[in-house]
Amino acid sequence: MVRISEDLIRKRAEHNEMMLSTLEEVSLHQQEIERIEFIDKWCKELKILYLQSNLIPRIENVSHLKKLEYLNLALNNVEEISGLEKCESLKKLDLTVNFVGRISSVKRLQANAFLEELYLTGNPCAQFEGYRDYVVATLPQLISLDGVEIEKSERITAQQNYRFIEDNIMRQEREYLHERELEKGAYIEEEVIDDHEFWQKPSKHTPEARVEIQKRIEKQNAEKEGRHKEPKEVKPPRSLFDSCGNPLNINEAKIDFSFEEDDENQCYTLELPVYKHMDTSLIDVDVQTKHVCVKLKGKVFQLTFPREVNSDSSSAKRSQITGHLLITMPYSKPVIRDKKSKTDTQSVVELKKAAEKRQPRTQYLEVDPNAGSKVELNMSKVSESERNAPYRPSRLVAKSITPATKDPNLEIPDDLPPLDEFSFS
């Protein structure tokens, strides 16, 4: 038999990222559950609850599910309707193929004002004469019963005949409960028989018989598993260190990895492409001075370092997009490097290229000497009008005049006036 546990509900809540506080729908069918428990404490936002095909004898521990709209308890051992009065939002209740014989317990559903659908097919009370009229008159909020819509004329007739129907229903209920007590006593006095005789003998359709059948099935399954289960060879635990105590390089998970030495930041970086949907609780990282050990779902990945690292300053981060794990491990003794050491190792050719890049280049304008206009010196080809025309320079070019050097042999008379006193006409 199975009890409702937190792990069981989380496995069934994968669509909600295994969160229980915000869970709105959960299916716990065919789990051999014998009791409803803990659900109203862990899943208070629940709207749909599937509990069909179990061994639940009574409805309990659902009173705190204020938002519950649909409860499926088909194929269980429920004998009485109870415990649903405080489920204010309940709209649909399925009790198909149970053992509800106390039909008067239907009155407890009058507190569920939003109840629209009720299924009682396959219960002993469904065999009572006047069963449908009694339920329709007792629960005026119902829209359909056993999958059949309730018409207005049917409701009016049931309410008019309710007094006569109720007396007949109560009489049939008392007779059934008396027979039920006799069945319980006869089952207790039955002798214990072996499995072969039990399966050959016809059994009654009672809650006790269903429980006994389930126990026999579990017993047979356990015997088959023990018979066919071969003892597995127990592998010795893997040693992570050699005989001298030095750590070994191990990759049980057979996962690709990237290991780099970052001399600029004085650290090692290890990247593991962890599966994106693997839960972080299944990953364990242990950084030591000479090695790092990562366990992925129990499988060991261990890597040694060329030099020691500072385990206290190491960090492990996981990408929310890819799921990759990045471990950063700074050196315990930082390596001091000379800044000029890099330029000293460069070749002479590289230094020359670098010097050429730094020197500015002088650019010249290339002129084709053949493209210039040629001067025509043959005056015979010049017209008379052009020959007699006054001289007009096409353009004026300003030229810088450099002072002439004084000739030492030149004698200048003392009475020569300055050049600016001469006038030209």
Side-chain angles (χ1 to χ4, degrees), residues 1-16 18-87 89-102 105 108-109 112 117-125 180 184 187 198 203-225:
M1 304 301 177
V2 178
R3 294 188 63 181
I4 296 176
S5 62
E6 186 175 351
D7 292 337
L8 176 61
I9 299 178
R10 287 190 187 278
K11 289 179 181 179
R12 298 286 181 154
E14 293 180 353
H15 59 282
N16 196 48
M18 297 186 179
M19 295 291 293
L20 302 185
S21 59
T22 59
L23 187 63
E24 295 185 356
E25 179 179 349
V26 65
S27 179
L28 299 174
H29 63 284
Q30 297 180 348
Q31 297 292 322
E32 288 82 42
I33 297 172
E34 286 189 304
R35 185 183 179 188
I36 304 174
E37 53 186 350
F38 306 123
I39 295 179
D40 59 338
K41 297 180 181 179
W42 297 335
C43 313
K44 293 187 177 181
E45 300 294 323
L46 207 61
K47 293 183 179 180
I48 301 175
L49 178 58
Y50 296 100
L51 288 168
Q52 66 269 29
S53 301
N54 285 294
L55 300 171
I56 300 171
R58 66 182 64 86
I59 306 173
E60 58 185 345
N61 297 323
V62 293
S63 58
H64 291 173
L65 301 177
K66 302 297 182 181
K67 297 182 180 180
L68 184 64
E69 297 179 0
Y70 177 31
L71 176 60
N72 192 331
L73 283 167
L75 295 168
N76 277 280
N77 296 340
V78 178
E79 298 188 58
E80 184 177 351
I81 300 175
S82 61
L84 296 172
E85 294 85 349
K86 294 184 179 180
C87 297
S89 304
L90 188 63
K91 294 182 179 179
K92 183 177 179 180
L93 177 62
D94 192 346
L95 292 170
T96 304
V97 191
N98 274 271
F99 298 93
V100 179
R102 193 181 293 274
S105 61
R108 295 171 182 169
L109 296 176
N112 304 101
E117 300 179 56
L118 178 63
Y119 292 85
L120 291 171
T121 306
N123 286 273
C125 65
R180 180 78 183 97
K184 290 181 180 179
Y187 180 79
F198 177 82
S203 59
K204 295 182 178 180
H205 183 59
T206 61
E208 293 79 16
R210 285 196 65 199
V211 173
E212 183 65 25
I213 290 171
Q214 184 61 37
K215 288 181 179 179
R216 299 270 181 169
I217 292 174
E218 290 181 356
K219 181 181 177 182
Q220 287 185 353
N221 292 338
E223 290 177 355
K224 288 181 180 179
E225 289 179 3

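Sequential numbering from 1 along the given sequence is applied to the chain's residues.
- The heavy-atom pair separating Leu20 from Glu6 by the smallest distance is CD1-CG, 3.7 Å.
- Using a 4.0 Å cut-off between a side-chain N of Lys or Arg and a carboxylate O of Asp or Glu, Glu69 and Lys92 do not qualify as a salt bridge.
- Side-chain atoms of Asn16 never come within 3.5 Å of backbone atoms of Ala13 as a donor-acceptor pair (strictly under, hydrogens ignored).
- Contact between Arg35 and Ile56 at its shortest, heavy atoms only, is N-CG1, 4.4 Å.
- Once rounded to the nearest 0.5 Å, the distance linking CD1 of Ile59 with CG of Leu84 reads 4.5 Å.
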Residue pair Ile48, Glu24: steps toward the side chain to side chain contact (heavy atoms under 4.5 Å, CB included) verdict: CA-CA 6 Å; Ile48 301 175; Glu24 295 185 356; over 6 Å; no
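- Applying the side-chain contact (heavy atoms from CB on, under 4.5 Å) criterion to Ser63, with sequence neighbours excluded, gives Lys86.
- In this structure a side-chain-to-backbone donor-acceptor pair under 3.5 Å is missing from Asn72 to Leu51.
- Nearest heavy-atom pair, Leu120 versus Cys125, reported as atom, atom and distance to 0.1 Å: CD1-SG, 4.5 Å.
- When all heavy atoms are compared, the tightest approach of Val26 to Arg12 is CG2-CB, 3.8 Å.
- Using a 4.0 Å cut-off between charged side-chain N and carboxylate O, Glu208 and Lys184 make no salt bridge.
- Within the 4.5 Å cutoff, the side chain of Glu34 has no heavy atoms near those of the Arg3 side chain.
- In Lys219, the NZ atom is not crowded: 12 or fewer heavy atoms of neighbouring residues, nucleotides or ligands sit closer than 6.0 Å.
- Using a distance-only test at 3.5 Å, with no hydrogens or angles considered, no donor-acceptor pair links the side chain of Thr96 to the main chain of Ala74.
- How far CD of Glu218 is from NZ of Lys215: 9.0 Å, rounded to the nearest 0.5 Å.
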Check against side chain to side chain contact (heavy atoms under 4.5 Å, CB included), Lys11 and Met18: CA-CA 7 Å; Lys11 289 179 181 179; Met18 297 186 179; 6.0 Å; no
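- Ile39 and Leu65 get closest at one heavy-atom pair: O-CD2, 4.1 Å.
- For Pro207, the side-chain contact (heavy atoms from CB on, under 4.5 Å) partners are Asn77, Glu79, Phe99, Arg180, not counting sequence neighbours.
- Distance NZ/Lys91 to CG/Leu71: 15.0 Å, rounded to 0.5 Å.
- Between Leu28 and Ile33, the closest heavy-atom pair is O-CD1, 3.8 Å.
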From CA spacing to verdict: side chain to side chain contact (heavy atoms under 4.5 Å, CB included), Leu68, Leu49: CA-CA 8 Å; Leu68 184 64; Leu49 178 58; 4.0 Å; yes
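- With hydrogens and angles ignored, the 3.5 Å screen pairs a side-chain donor or acceptor of Arg210 with a backbone N or O of Asn76.
- Contact annotation: the side chain of Phe38 never approaches that of Ile9 to less than 4.5 Å [non-hydrogen atoms, C-beta and beyond].
- Listed for the His64 side chain is no donor-acceptor partner under 3.5 Å among the backbone atoms of Cys87.
- Between the CG atom in Leu93 and the OH atom in Tyr70 there is a gap of 9.0 Å [rounded to 0.5 Å].
- Remark: the backbone N or O of Ile81 is paired with a side-chain donor or acceptor of Arg108 at under 3.5 angstrom.
- Within the model, atoms CG of Leu95 and OG1 of Thr121 stand 10.5 Å from one another, a figure rounded to the nearest 0.5 Å.
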Side chain to side chain contact (heavy atoms under 4.5 Å, CB included) evaluation trace for Asn123 with Val97: CA-CA 5 Å; Asn123 286 273; Val97 191; over 6 Å; no
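- Judged as a side-chain hydrogen bond (donor to acceptor under 3.5 Å, both in side chains), the pairs with a partner in residues 40-58 (not counting sequence neighbours) are, in order, Glu45-Lys67.
- A donor-acceptor contact closer than 3.5 angstrom is absent between the side chains of Ser5 and Asp7.
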